[in-house]
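Just below is one structure, and these are the notes that go with it.
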Amino acid sequence: MAESENDLISRTIRFLNQQKEMYGDFSVEFATESQKHETVSEETEVATEAQKHENIEEKIEADTSVSVEEVKTEYQTEEVKPELTEAELIAQCSTLEELKALCEKAETLKTDLEGTNLVFGVGNPNADLMIIGEAPGFNEDKQGEPFVGEAGQLLDKIMAAIHFKRDDIYIANILKHRPPENRDPKVEERANSLPYLLKQIELVDPKLILCVGRVSGTTLLGKDDSLKNMRSKFHEFNGRELMVTYHPAALLRNQQWKRPTWEDVQKLRERYDELGGKP
Ligand code: URA
Ligand code: URA
């Protein structure tokens with residue numbers, strides 16, 4: 001048998017023993033003595049178990065200057081490290097950038113429409129007013145930004161009427177991915193997205209929240225109610241004040257809701273100034 005083959009066999013045996021030394025006994029079957037003699041030539045001295053172990057320990061010490069014990073500890077620490085839950089990962093985020101990176105990886109935020117982009121949120125990360133819509137539509141999905149389509153343009157106009165520029169405020173949605181055919185977000189989808197949105201609200205830390213549309217209002221207030229019942233007043237929400245008004249897309253179809261929306265946002269601006277919102 002060629003010398004290199006013998007080398008390979010003894011190196012393999014050494015490696016397996018080394019593994020066994022570090023990880024304990026495992027399922028790799030060692031060849032029986034008779035099998036070994038079939039494959040290893042008669043002249044090759046097979047080291048005794050004890051010798052082999054000595055050699056391995058020496059080798060590890062020489063190669064890496066750490067003892068077998070230390071190697072063991074290192075591997076064990078890695079093995080027992082528990083996987084963090086989604087809630088723990090969210091809790092660990094201390095910036096919007098970190099939360100966005102987490103959202104990029106979150107399968108639970110996706111709808112059954114494939115290949116959508118994350119629409120995380122946009123605007124002033126320290127805004128005192130946060131606007132929360134329902135879910136991204138076609139244009140929002142394409143651009144990865146909330147409220148950029150027709151409804152978004154109307155939202156910008158409404159905000160301008162109460163002296164806010166888009167850059168002054170922070171805008172997000174209940175869902176961070178577009179649902180197929182722009183259908184209503186499912187209860188499960190809202191529930192999956194909510195922990196991320198709550199963290200986003202905590203990080204932006206606005207004085208006021210404006211929910212546009214029924215989906216947004218009922219999801220954050222955690223109760224089913226009509227838009228008519230929810231609008232026009234300030235609700236307490238996790239130590240902040242929250243108002244619900246009509247969705248700009250609804251205003252595009254129903255002119256009669258423009259007046260009450262106008263009244264709501266006037267009230268919102270007044271409260272914003274009372275609370276010392278900047279600018
Ligand atoms: N409608 C929403 O609710 N959100 C958007 O981002 C766009 C349209
Ligand atoms: N119903 C809704 O769901 N949203 C509106 O904005 C108005 C009515």
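When a residue number appears, it is its place in the shown sequence, counting from 1. As the structure lists them, so they are numbered: ligands from 1, and atoms in each ligand from 1.
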- Which ligand 1 atoms are under 4.0 Å away from a heavy-atom of Pro146? 6 (O)
- Item | Sub-4.0 Å atoms of ligand 1 with respect to non-hydrogen atoms of Glu134 | 2 (C), 3 (O)
- Task: Search all heavy atoms of Val244 against all heavy atoms of Asp264 and return the closest pair with its distance.
- Result: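 The answer is O-OD2, 3.9 Å.
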- Message: Tell me the nearest of His247, Glu150, Glu145, Gln143 to atom 1 (N) of ligand 1, using heavy-atom distances.
- Response: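 Among His247, Glu150, Glu145, Gln143, the closest heavy atom to atom 1 (N) of ligand 1 comes from His247.
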- Item | Polar contact flag, side-chain donor to acceptor under 3.5 angstrom, Lys267-Ser232 |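 Looking only at side-chain atoms, Ser232 and Lys267 do form a donor-acceptor pair, the distance falling under 3.5 Å.
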Beyond-backbone contact of [X] with [Y], side-chain heavy atoms, under 4.5 angstrom:
X: Lys142; Y: Asn117; result: no
X: Tyr272; Y: Ile162; result: no
X: Leu194; Y: Leu220; result: yes

- Task: May I ask whether Gly149 places a heavy atom under 4.0 Å from ligand 1?
- Result: no
- In terms of the angle between their ring planes, are Trp257 and Tyr246 parallel, tilted or perpendicular, with boundaries placed at 30° and 60°?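 Trp257 and Tyr246: parallel rings.
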- Identity and separation of the nearest protein heavy atom to atom 2 (C) of ligand 1: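 For atom 2 (C) of ligand 1, the nearest protein heavy atom is Ala135 O, 3.2 Å.
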- Starting from atom 4 (N) of ligand 1, find the nearest protein heavy-atom neighbour and note its residue, name and distance.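 Going by distance alone, atom 4 (N) of ligand 1 is nearest to Asn173 OD1, 2.8 Å.
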- Exam field: side chain Lys199 to backbone Cys93, donor-acceptor pair closer than 3.5 Å: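 At least one qualifying donor-acceptor pair exists.
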- Message: Heavy atoms only, cut-off 4.0 Å: how does Ala249 contact ligand 1, side chain, backbone, both, or neither?
- Response: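 No part of Ala249 comes within reach of ligand 1.
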- Structural part of Glu140 in contact with ligand 1, heavy atom criterion under 4.0 angstrom: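 Side chain only; the backbone of Glu140 stays clear of ligand 1.
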- Judging by distance only, is a nitrogen or oxygen of Gly133 under 3.5 angstrom from one on ligand 1? no
